[in-house]
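Reckoned from all heavy atoms, side chains included, excluding hydrogens, waters and symmetry mates. Throughout, numbering of the chain's residues begins at 1 and tracks the sequence.
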Amino acid sequence: MTDLTNTRITLARRPQGAPVAEDFHIEQVPVPQPSEGEVLLKILHLSLDPYMRGRMSTAKSYAKPVEIGNVMEGGTVAEVVRSNHADFKPGDIVLSHSGWQSYALSDGKGLRKLDPDTAPISTALGVLGMPGFTAYAGLLTIGQPKPGETVVVAAASGAVGSVVGQIARIKGARAVGIAGGPDKCAFLREELGFDVAVDHRAPDFAEQLKAACPNGIDVYFENVGGHVFEAVFPLLNTYARVPVCGLIAHYNQDGQAQDGPDRLPGFMRQVLSRSLQIRGFIQTEFSDQRDTFLKDAAGWIADGRLRYREDVVEGLENAPQAFIGLLEGRNFGKLVVKVA
């Protein structure tokens with residue numbers, strides 16, 4: 001393997017606003033060789049997720065940013081091709097966090113073996129991976145939907161939102177999905193079984209959402225922010241729960257304050273008067289629920305109650321453009337790069 005090359009995509013510079021192709025650098029370097037206690041991984045699939053935009057910025061966050069010149073972060077499914085580690089052998093398929101590259105070394109920490117006969121291995125990056133678990137833990141721990149309640153989820157056709165709505169239905173709640181465009185809305189209704197789907201690009205979006213929620217909103221799973229949240233907020237019922245998973249409409253602002261009127265006092269007054277519970281979370285906070293999630297989700301997939309869609313991009317070199325499109329809402333389903 002000494003004559004093979006490793007394709008790596010590194011952070012070339014920090015984006016100013018929305019990322020562009022020049023913020024990334026594609027390079028070819030020799031494939032690293034494993035030392036004692038290490039394995040060499042060949043990356044098969046790379047997950048692209050909105051949180052990666054935060055890693056490109058130095059704005060204060062829950063995780064350190066990617067340094068200039070370092071490989072972009074990302075979850076991966078990989079094959080062990082060389083092993084000097086007692087717990088892994090060539091041919092093992094593992095879940096790893098190897099980032100945007102075609103080969104990587106690992107000391108085995110954080111690797112989880114996957115069974116290709118149980119589910120397609122790419123699902124470990126989506127419905128059976130971090131996005132699916134994020135939906136499960138955030139909705140059930142913070143949202144706590146009850147039978148008959150109305151659950152609204154933004155970015156509902158995406159990897160997290162699509163699972164949120166389906167779990168809400170499984171728990172007996174009414175699922176209202178917000179997505180961009182008629183195709184995505186039709187997918188939510190016809191393929192995933194959402195009760196209602198509302199297009200946030202419609203000129204009368206706020207009115208459509210109000211009509212879709214005649215009894216108000218009991219749980220709002222936030223993935224977006226922006227004008228979507230502005231339409232949702234007046235409809236929140238007393239004691240509504242709002243798990244805040246993402247704010248993709250604001251990621252390119254890098255945490256900077258925006259010009260305009262200060263609406264925080266009015267917002268906080270409504271939080272108080274309606275006894276709203278608004279809680280941000282990171283899925284790792286609930287890691288003790290992971291085994292239960294895998295068991296529940298696998299069962300729901302097997303009996304047809306939990307469905308998923310993947311948006312697969314061929315070739316690691318296409319990851320930057322695919323990621324840029326993700327932040328613009330161009331993907332349809334869980335965005336995965338097929339590396340090898």
If you group Ile, Leu, Val, Met, Phe, Trp and Tyr by side-chain heavy-atom gaps below 4.5 Å, do Phe187 and Val151 land in one group?
-> yes

Test: Asp303 and Arg305 ion pair at under 4.0 Å | yes

Distance-only polar pair, side chains of Ser162 and Lys334, donor-acceptor under 3.5 Å = no

Cluster question for you: counting only ILVMFWY and a side-chain heavy-atom cut-off of under 4.5 Å, with indirect links fine, are Leu276 and Leu209 together?
-> yes

Side-chain H-bond candidate by donor/acceptor type, Arg82 with Gln33, under 3.5 Å = yes

Compute whether any side-chain donor of one residue and acceptor of the other, for Asn6 and Ser102, lie under 3.5 angstrom apart.
-> yes

Judged by modelled atom types alone, do Gln101 and Thr7 share a side-chain donor-acceptor pair under 3.5 Å?
-> no

Would you please say whether a donor-acceptor pair under 3.5 Å links the side chains of Gln283 and Arg290?
-> yes

Flag this pair as yes if the NZ/CZ of Lys113 is under 6.0 angstrom from the six-membered ring centre of Phe88 and inside a 45 degree cone about the axis; otherwise no.
-> yes

Just checking, is any N or O donor in the side chain of Ser96 or Thr76 under 3.5 Å from an acceptor N or O on the other one?
-> yes

State whether Phe233 and Arg274 meet the cation-pi test: NZ (Lys) or CZ (Arg) under 6.0 Å from the six-membered ring centroid, and within 45° of the perpendicular axis.
-> yes

In this structure, which one of Arg174, Arg241, Arg169 forms a salt bridge (charged side-chain N to carboxylate O under 4.0 Å, His left out) with Glu149?
-> Arg241

Is there a path of hydrophobic side-chain contacts, each under 4.5 Å between heavy atoms of I, L, V, M, F, W or Y residues, that connects Leu327 with Val224?
-> yes

Would you say Ile9 and Leu48 are hydrophobically clustered, going by side-chain heavy atoms of ILVMFWY under 4.5 Å?
-> yes

